Structure formats: C-alpha cells, structure tokens
Amino acid sequence: MESIVIQGGIPLQGSVESSGAKNAALPLLAAAILADGPVTFHRIPHLNDISTMTNLLAWQGADVTYDDQDRLTIDTRAANKPEAPYEMVKTMRASSLVLGPLLVRFGEARVSLPGGCAIGARPIDLHLKALEVMGAEISVEHGDVIAKAPNGLHGGRIFFDQVTVTGTENILMAAVLAKGETVLENAAREPEVVNLADSLRALGAKIEGDGTDTITIQGVERISGGDIFTIADRIETATYLAAGLITGGDVTVSKTDPKLLDAFLARVKEAGAIVETGDDFIRCAAPKRLQAVNIHTMPHPGFPTDLQAQFMAMMCVAEGTSLVSETIFENRFMHVQELVRMGADIQLDGHTAVIKGVEKLSAAPVMATDLRASASLVLAGVAAQGETVVSRVYHIDRGYERIEEKMRSLGANIERHYI
Ligand code: EPZ
C-alpha cells in the first residue's frame, strides 16, 4: 500500500504547469471510436483512468501507440469488440462514455454498468433513457448494460431531468453519427463538454450550442481522424493554487486558462487572495490570513463540486465561519472526518458543512477515500505543522499527474512511501 508523507508548515512558492484535463481526455478518447481514421491526441495526462481507457480501446481491437514525443495515436478502424467488460473497467466509472460511441458505430454494445463510488450511487439512468429516445433497446443483465440499435440510432429531442456531464458527452457522441437532428436540453455546460464538441467538429461533426444548456447535432455519415487537443485541467490548477493559499504562500500555475475557473477565482478573491491572471497563467498569493467564504456547488458555470473538498480545506484555517453546501453528490463529505482528525472544527448538517476556522491544523495520519477528498488531505497536510501521512493514495493517482513532484517544485516536503 502506498502513502504520501508530508512535513507541513512551509509556505509554498513558485510555478507549476497544469496537465491536460482528465475529465476532458476520457470522453475525447472514447470519441476515437467514432473516427474513420487515426486520431492523434495532444496533452493526454498520464493517469490510471487514462490507461484503463486506452487499454480498453486496445482490447476492443484499436491500434493504440505513443510516439517518441509522448503523443498518443488511436486508430479504431480495426476495432471489432463493442464491449467494456467489468474486469477491465471496474476501477473507472467513466467507462459509460464508450456506450454511445460503440452503439452508434456497431449497432450494439455491452458495457459493464458502472458501480457506485464513495461519493454517491452514480447512476446512468439518464444516459440510457436518452439512448432509448434515439431508438436503442436497452436491458441490464448480469451487471452489464446490453444496448441494441439494429436500425441504427436516429435523432430526437432529449431533455435531461438533471444536468449530467458524462450523460451530455455520451449522447453528444452518439448523436454525431445518428440519422437526423438531435437536440439536447438542460445539457451540461462544462468546459470539458465544449472541448469534446470542438474536437468532434474538427473531425467533421456538425454541432452547435455547446457551452449553453441546449446543444443541437446534425448527424453525419462519418467523421475523419485528425488531431485533438485536451484543455488544461482546471481542477488540478485550482488544487495547486489552493496549496499556495492554505500555506500562506504564492503559487502560479502555467499552461492553464483562467477562463475555466471564474467561480473559484471569485471565491478566493472574496477570501482575500491576491489574484493575477494572463492568457495562460493564474497566480494566487495568500493574504495574512484567509477570510471565511461560503460556497454552494453547482453545475458549470457555478462553483465546481470537484473543488468543494479542496476549498473546505482552505476554510479550515480561515478567519470566521464558512458554509459549504454540496448539491451535486449525496455523499461528498468523506474528507470531513479526516480533516477533523487534523484539528479542523467542522459540523455537518445534511448537505451543508459548517466550518469554524482554526489558527493551525495539526498533522496526523489520515485516509483518502476518493479522488478529491485525498487532494484536500494533501492540502491540509502541507498546511499543518508536523508529519501527515495520507494512506490509500491510489485514489489521488487517478486525477493528479506526478503530484509529489509538482508539490516539491513549490517547496513542499512531500514523499511517497511504499509500505
Ligand atoms: C463528471 O461525473 C465528472 N467525471 C466528475 O468528476 C464530476 O464531479 C461530475 O461530472 C460533476 O461535475 C468525469 O467527467 C469523468 P454527473 P458524472 O453525471 O458525469 C446524477 C472527479 O473528481 N445522475 O454530472 O458521472 C449523479 O448521481 C469526478 O474528477 C443521475 O442521477 O457526473 C449526480 O448526482 C468525480 N443519473 C448528478 O447527476 C444519470 O444518469 C451529476 O452527475 C447521471 C447523473
């Protein structure tokens, strides 16, 4: 089992580069299933979930290669297995993203039903209902979704009862090769959805309205191969900016895009941070002490649920009392008890956490439970005086490329121990 060991209390300073976004790369890789030619991907991060997805595509029969500039090329023309078996995808919930592309290309698909995870049940009922509107016959057998579209998929008008990011992405991809027009209403507006739509358009898809809550797709016969560019990881970016703020430091993240983080930057400014931005960088310098600020997670452009745990860690040492409300997932407060072990003063009241800021956190052994909770524990660890040991760090490796290396480049005393 691997752990991350941190000697905290050092103000973090300096600059670190953002990686490509995990939550953009996963749908982009799935989109290769639609392409009638090789697709070269630029800025795909090296993360466990990405390997799971590329291994799955190779297993389906695609040709998957990395060149000497670390560029990934995937050619799915030879793929002939429209499946995603449990054994291959059980660690990656985003496997549902191959369902729409496989179904519209092969007329059938068998994809393991994603299990829940620590933060919630994570159903995909909205994905399946939308595919049925497009003509699919769906059943669930032995833990797999069995989808059939013997006459292909046709367009339709789809209203998502709840904003769903991968639901929007899955159906967007299915609609690209479906017959006729598809309109997605109450669609997700996340930057990763726009990155996917931009990329599909570059390969020949006809898509309008991405970035708004209504997306219209005109089905086409085929889309070609080509080059696809992943946007910066806004969640990773904000995590390193938070590391500077929670330690009283001054951190710049480069190769990123401030336009991806409007809600987060507005809140940290409210908390007293000095924020400087340019075309491709963001700098956050800490005030003498952060001020308590309330947040309420919402679909984009609201405050991202994926930054809730990291923001809470900052509020643990802020001056005053803050309220953090989680409206997207039903169980995304697993980090609270671990932060309390480190001296935080947090009371839970349903989907709202009440955080009374303390002067200092105290280092302690803690346990990661999910990806973003583990990031918040690393943030608490770099802030706390003494040695913090974060165990079960396989969670963090799913979403943060070379986290110790990047944190060390900012002056953190952080190591990975294999025990
Ligand atoms: C994506 O998950 C992200 N993952 C998540 O990031 C992110 O937290 C989430 O969007 C919200 O922004 C990827 O993009 C790979 P949803 P997704 O469908 O698409 C309910 C991280 O830390 N819902 O937008 O699975 C669902 O239960 C991860 O990087 C249904 O009820 O999330 C949730 O309450 C964690 N039925 C809400 O909608 C459905 O069919 C939003 O979920 C689909 C979703």
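Counting convention: from 1, in listed order, for ligands and their atoms alike. These numbers come from a predicted model, not from an experiment. These numbers come from the heavy atoms of this one structure, side chains and all, not from hydrogens, waters or symmetry mates.
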In the protein, which heavy atom is nearest to atom 25 (O) of ligand 1, and how far is it? R122 NH2, 3.1 Å
If you scan protein heavy atoms around atom 36 (N) of ligand 1, the nearest is D125 OD1, 2.7 Å
Note: K22, heavy atoms under 4.0 Å from ligand 1, region reported as side chain
Closest approach of any protein heavy atom to atom 17 (P) of ligand 1, naming residue and atom: T166 OG1, 3.6 Å
Considering all heavy atoms, the nearest D233-S18 contact: N-OG, 3.2 Å
Going by the 4.0 angstrom heavy-atom rule, the piece of D306 near ligand 1 is side chain
Restricting to heavy atoms, the pick from A130, S95, A25, P123 nearest atom 39 (C) of ligand 1 would be P123
Which segment of T305 sits under 4.0 Å of ligand 1 when only heavy atoms are counted: side chain
Is there any salt bridge (Lys or Arg N to Asp or Glu O under 4.0 Å) pair reaching into residues 130-145, and which pairs are they, with sequence neighbours excluded? R110-D144
Within reach of ligand 1, part of R398 (heavy-atom separation under 4.0 Å): neither
Taking the six-membered ring where the residue is Trp, are the ring centres of F303 and F311 under 6.0 Å apart? yes
N or O contact, E169 vs ligand 1, cut-off under 3.5 Å: no
One finds that the ligand 1 atoms under 4.0 Å from a non-hydrogen atom of I124 are 39 (C), 40 (O)
List every atom of ligand 1 that sits less than 4.0 Å from any heavy atom of R93, numbering the atoms from 1 in the order shown and giving each element. 25 (O)
Who's the nearest protein heavy-atom neighbour of atom 34 (O) of ligand 1, and how far? I328 O, 2.6 Å
Can you tell me the protein heavy atom closest to atom 15 (C) of ligand 1 and the distance? N23 OD1, 3.4 Å
Taking atom 32 (O) of ligand 1 as the reference point, the nearest protein heavy atom with its distance: F329 CZ, 3.9 Å
When you measure from atom 35 (C) of ligand 1 to every protein heavy atom, which one gives the shortest distance, and what is it? R332 NH2, 3.7 Å
The side chain to side chain contact (heavy atoms under 4.5 Å, CB included) partners of H127 (sequence neighbours excluded) come to S96, I124, T164, T166, N170
Protein residue, atom and distance nearest to atom 18 (O) of ligand 1, heavy-atom basis: T164 OG1, 2.7 Å
